[in-house]
Each structure stands twice: as structure tokens, then as C-alpha cells.
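See structure below.
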Amino acid sequence: MNYNPVETGKRIKQIRQNMGLSQDAYSEELHISRTHLAKVEVGLKSASIDLLIAISELSQVSTDYLLKGCTPDNSKVKEDIRTLIHSLTKLEQNL
């Protein structure tokens, strides 16, 4: 899978819109110009690593999602938690 700045820009734009922020407001939060953000959102400019991290932190999304569109698969974590809960419940019953 290769990095695609156009797809990354689309995800950034969607995230911004989901947060209910204008380009002006979002770019201000990121400490960049609105023009720079607009170019990133359409893929004319690639976001720097620092900008991707800032977007990730501000928007509470992973950099994997920003770069590749991947969302974490939490099924393994959920299964591990269920197993742990079951084990702890049995341990409590035996006390």
C-alpha cells in the first residue's frame, strides 16, 4: 500500500467536517494557514509528519487512519478482555 496524499486529504477534510469546524477554525487549532490546510485536504500538498501527529492528537484519530484509512481491529482485544473477566470471576467465586 502506498501513501496517497489525495486520500489522506479527504480523510482529514471528513474528520474536520465531522468535528463541525471550518477550515479557518481547524487550521487555527493546528497553527497552520487556512491555505495550507486547503491544499492538504485536496492533496496538492502532503502533510508533514508533525502536522499528521497534530491532526491525530487534535482529532483523536490514529495516524494509521490518516495515512492508510485503517481502523484498528479490536476483536482480539475484546476477546482477551472477555477471557480475563471470566478468569477473574472464577477466581472471585473460589475465594
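Quick caveat: nothing in here was measured; it's all calculated off a predicted structure. Quick note: numbers below take in every heavy atom, side chains included, and nothing from hydrogens, waters or symmetry partners.
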For this session: Is it possible for you to say whether Ile53 and Met19 belong to one hydrophobic cluster, with membership spreading through side-chain heavy-atom contacts below 4.5 Å?
Result: no
So [Y] and [X], do their side chains get closer than 4.5 Å, heavy atoms only?
X     : Y     : value
Val6  : Val42 : no
Val40 : Thr8  : no
Gln14 : Asn18 : yes
Lys10 : Glu41 : no

For this session: Spell out, as yes or no, whether a donor-acceptor pair under 3.5 Å connects the side chain of Arg34 to the backbone of Gln23.
Result: no
Problem set entry | Residues Glu7, Lys68; criterion salt bridge (charged side-chain N to carboxylate O under 4.0 Å, His left out); working and verdict | CA-CA 8 Å; Glu7 292 303 314; Lys68 301 182 294 183; over 6 Å; no
Find the distance between [atom1] ([X]) and [atom2] ([Y]) and round it off to the nearest 0.5 Å.
X     : Y     : atom1 : atom2 : answer
Ser46 : Lys39 : OG    : NZ    : 13.0 Å
Ser22 : Arg16 : OG    : CZ    : 7.0 Å
Leu21 : Leu37 : CG    : CG    : 10.0 Å
Ser33 : Glu28 : OG    : CD    : 12.0 Å
Glu79 : Leu84 : CD    : CG    : 11.5 Å
Thr89 : Asn94 : OG1   : CG    : 11.0 Å

Exercise. Between Cys70 and Ser62, which heavy-atom pair has the shortest distance, and what is it?
Worked result: O-OG, 4.2 Å
For this session: Grab the two heavy atoms, one from Ala47 and one from Tyr3, that are nearest each other, plus how far apart they are.
Result: N-OH, 3.9 Å
Exercise. Would Ser56 and Tyr65 count as having a side-chain donor-acceptor pair, cut-off 3.5 Å?
Worked result: no
Problem set entry | Result of checking Ile55, Leu51, Leu30 against Ile12 for side-chain contact (heavy atoms from CB on, under 4.5 Å) | Ile55
